[in-house]
Each structure stands twice: as C-alpha cells, then as structure tokens.
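Chain letters run A, B, ... following the sequence lines, proteins first, then strands; residues in each count from 1.
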Amino acid sequence: MRLQREHPWPATEAEALAVQAELRPLVRAVPLPRPPRLIAGLDVAYVGAHGSADDEVAAAVVVLDAATLEPVERATAVGTAGFPYVPGLFAFRELPVLIRALERLTTAPDVLLCDGQGLAHPRRFGLACHLGVLTGVPTLGVAKTPLLGEWTEPGPERGATADVRDSGELVARVLRTQTGVKPVTVSVGHLIDLDGATELVLAAAPRYRLPETIRLADRLCRDAVAAVAGPA
DNA sequence: GCGACAG
DNA sequence: ATCTTGTCGC
C-alpha cells in the first residue's frame with residue numbers, strides 16, 4: 001500500500017512539534033465505513049535499545065483475516081530510528097520504518113492496529129493518529145501502559161472497560177481483554193470511533209492479553225532483529 | 001520545582 | 001524498547 005500524503009521528516013523536537021500541530025486537525029474520529037475484512041498489526045523491535053537517534057530498528061506488519069484471525073500476509077523492513085526517544089514524539093522514531101514495511105504489502109488492510117497511543121496523547125496526536133493521517137487508512141492505538149489520563153478500575157471480567165479522561169476530555173478506554181489480566185489502553189487513531197476501536201481490539205484478542213495482530217507482528221520484528229544482529 | 005513519561 | 005532466572009499456575 002502507498003501513502004496518501006507526503007511527509008517531510010523533522011530533525012529537531014521543535015520541527016516535530018510543528019508537524020504534529022499541522023497534521024492534528026486532519027484527524028477524524030468517525031465510525032468505520034464498513035466492517036473490516038482485513039486487519040493489520042504493526043510493531044517495531046530494537047537492536048540495542050538506547051533511545052538514541054541511531055538505534056537500529058526492525059518493523060513488521062502482519063495482515064490477518066478479521067473473521068478467523070489467520071495471517072494472510074506479512075512484511076518487514078529494517079533501518080535506523082532517526083529520532084531519539086521522547087515521550088510524545090514517539091512516532092518520529094517508529095513511523096519511517098513502519099511505513100517502509102507497509103509499502104511492501106500487496107494486500108490493503110481495512111484497519112491498522114498500532115502499538116501505542118492514538119488520541120490519548122498530550123497533543124491528541126499519538127502514533128496511531130499520525131499513521132492514519134499519512135496513510136488515509138483507519139487506525140487505532142493499543143498501548144500496554146497508559147501515557148496520560150485518569151480512570152477507574154474496570155471490572156474483573158474480560159470485556160470490562162472504563163473511560164480514560166485527560167483534563168475532562170474522553171481520550172481512550174481501558175479494556176480488560178482477558179479475565180484477571182491488566183487492561184490495555186485503546187484509543188482512536190483515525191477514521192474509527194472509540195466504540196468501534198474497543199470492539200475490534202476485544203475481538204482480536206480472544207485468547208491473550210494483546211490482540212493477535214500485535215503478537216504476531218511482535219514476533220516477526222523480533223525475528224528480523226535476530227537476523228540482522230546475529231545470523232550465527 | 002519535582003516526578004512521570006507510549007516503545 | 002531491552003537486559004534476564006526462577007517460579008507460580010493452568
């Protein structure tokens with residue numbers, strides 16, 4: 001798949017903030033146009049985890065049949081982060097290599113499940129929003145740990161949720177995907193609404209805490225890192 | 001000012 | 001994110 005929008009890549013934090021401010025107004029939290037048939041999970045693994053701009057990274061995308069959760073296509077890409085780890089500017093680190101992996105896909109996923117936040121972000125423009133705007137494809141964020149907001153503990157059962165608010169604004173939902181596990185944080189990326197995003201994540205996580213999309217993408221990019229680091 | 005801070 | 005052994009539980 002190809003990008004809908006060109007993107008000059010920032011070299012400094014100030015430039016990155018300007019990019020976010022420019023693209024932020026384009027985000028649309030609206031219901032999915034139709035039930036998704038293909039869903040994709042994306043993830044990035046690091047070779048040495050330093051948090052610096054020259055970290056080597058590997059990205060993976062796995063496309064699944066939404067009904068069976070069976071993988072139908074996968075793609076990877078390796079490269080350099082190109083930006084230091086700064087909470088709130090996380091996307092500038094992972095998006096370049098993720099986009100290169102997406103460009104190697106021959107199928108067109110209906111939704112992209114991102115590892116991280118969407119609107120649950122200090123400037124309401126997390127990685128999932130950013131990728132949605134650049135691709136024009138519906139996106140949502142699934143985060144293992146929250147970045148901000150207040151909420152009450154959801155019930156103990158699978159499917160229990162609680163709204164996450166930041167300064168009174170509804171920015172995400174915590175969702176318990178399995179009975180007895182720590183909830184994940186789900187937020188809108190682009191072209192989907194919070195109800196739809198929550199429903200989709202729950203359906204994609206029938207057995208484990210994280211959706212199958214993320215689990216498979218995680219494994220794939222770790223394998224890619226291993227292949228780069230030590231084929232021995 | 002201090003601490004916290006997606007991956 | 002990544003560095004890492006054993007251990008509790010289904």
Side-chain angles (χ1 to χ4, degrees), chain A residues 13 16-17 19-20 24 27 41-61 76-99 101 112-133 139-151 156 158 164-167 171-175 177-190 194 197 201 206-211 213-230:
Chain A
E13 290 193 23
L17 290 170
V19 169
Q20 291 186 332
R24 164 71 184 87
V27 171
L42 329 214
D43 195 18
V44 172
Y46 294 75
V47 172
H50 302 93
S52 64
D54 56 4
D55 285 340
E56 294 177 80
V57 297
V61 187
T76 62
V78 296
T80 301
F83 206 88
Y85 174 67
V86 180
L89 298 178
F90 182 53
F92 297 98
R93 223 169 133 63
E94 298 203 339
L95 278 191
V97 66
L98 278 173
I99 288 168
L112 274 23
L113 282 74
C114 304
D115 203 344
Q117 317 288 352
L119 291 175
H121 175 276
R123 292 169 296 280
R124 308 292 180 257
F125 198 68
L127 180 147
C129 300
H130 202 148
L131 185 60
V133 167
T139 57
L140 62 85
V142 185
K144 295 179 283 296
T145 63
L147 178 57
L148 50 76
E150 303 97 45
W151 64 94
R158 163 175 157 89
V164 177
R165 295 181 175 280
D166 182 44
S167 307
V171 296
R173 201 112 82 191
V174 285
L175 165 67
T177 52
Q178 299 296 324
T179 299
V181 305
K182 175 185 173 183
V184 297
T185 304
V186 178
S187 59
V188 166
H190 187 45
L194 191 51
V201 170
R207 167 122 203 238
Y208 300 102
R209 178 184 179 231
L210 297 178
T213 45
I214 306 281
R215 298 184 71 245
L216 293 173
D218 181 75
R219 269 209 323 205
L220 186 56
C221 61
R222 281 175 197 265
D223 289 348
V225 160
V228 172

Self-check item: B/S/- contact track for nucleotides 4-10 of chain C, protein heavy atom under 4.0 Å
Solution: -------

Quiz item: For dC5(B), does OP1 or OP2 lie under 4.0 Å from any side-chain N or O of T145(A)?
Solution: no

Quiz prompt | Side-chain (T139(A)) to main-chain (H190(A)) donor-acceptor, under 3.5 angstrom | solution = yes

Quiz item: Which of these nucleotides, dA6(B), dA1(C), dG7(B), is closest to any side-chain atom of R222(A)?
Solution: dA1(C)

Quiz item: Within the structure, does a side-chain N or O atom of K144(A) lie under 4.0 Å from either OP1 or OP2 of dA6(B)?
Solution: no

Quiz item: Separation of L148(A) atom CG from dC5(B) atom C1', in whole Å?
Solution: 9 Å

Exercise. Let me know the distance between CG of L210(A) and P of dA6(B), rounded to the nearest Å.
Key: 16 Å

Quiz item: Closest to the L127(A) side chain: dG7(B), dA6(B), dT2(C)?
Solution: dA6(B)

Quiz item: Planes under 30° and centres closer than 5.5 Å, is that true for Y85(A) with the base of dG7(B)?
Solution: yes

Quiz prompt | D55(A) side-chain N/O to G51(A) backbone N/O, donor-acceptor pair under 3.5 Å | solution = yes

Self-check item: Value in whole Å for how far the P atom of dA6(B) lies from CZ of R173(A)
Solution: 22 Å

Quiz item: What's the CD-C1' distance between Q117(A) and dG7(B), to the nearest Å?
Solution: 10 Å

Quiz item: Taking atom CZ of R124(A) and atom CD of Q117(A), what is their separation to the nearest 0.5 Å?
Solution: 11.0 Å

Exercise. Using atom OH of Y46(A) as one end and atom P of dC3(C) as the other, report the distance to the nearest whole Å.
Key: 14 Å

Exercise. Please round to the nearest 0.5 Å and tell me the distance separating atom NZ of K144(A) and atom NZ of K182(A).
Key: 9.5 Å

Practice problem: Check V188(A) against C129(A) and note the closest heavy-atom contact, atom names and distance. | Solution: O-SG, 3.7 Å

Quiz item: CD of E150(A) versus P of dC5(B): gap in Å, rounded?
Solution: 14 Å

Practice problem: Answer yes or no: is there a donor N or O on one side and an acceptor on the other, between the side chain of S187(A) and the main chain of G118(A), under 3.5 Å? | Solution: yes

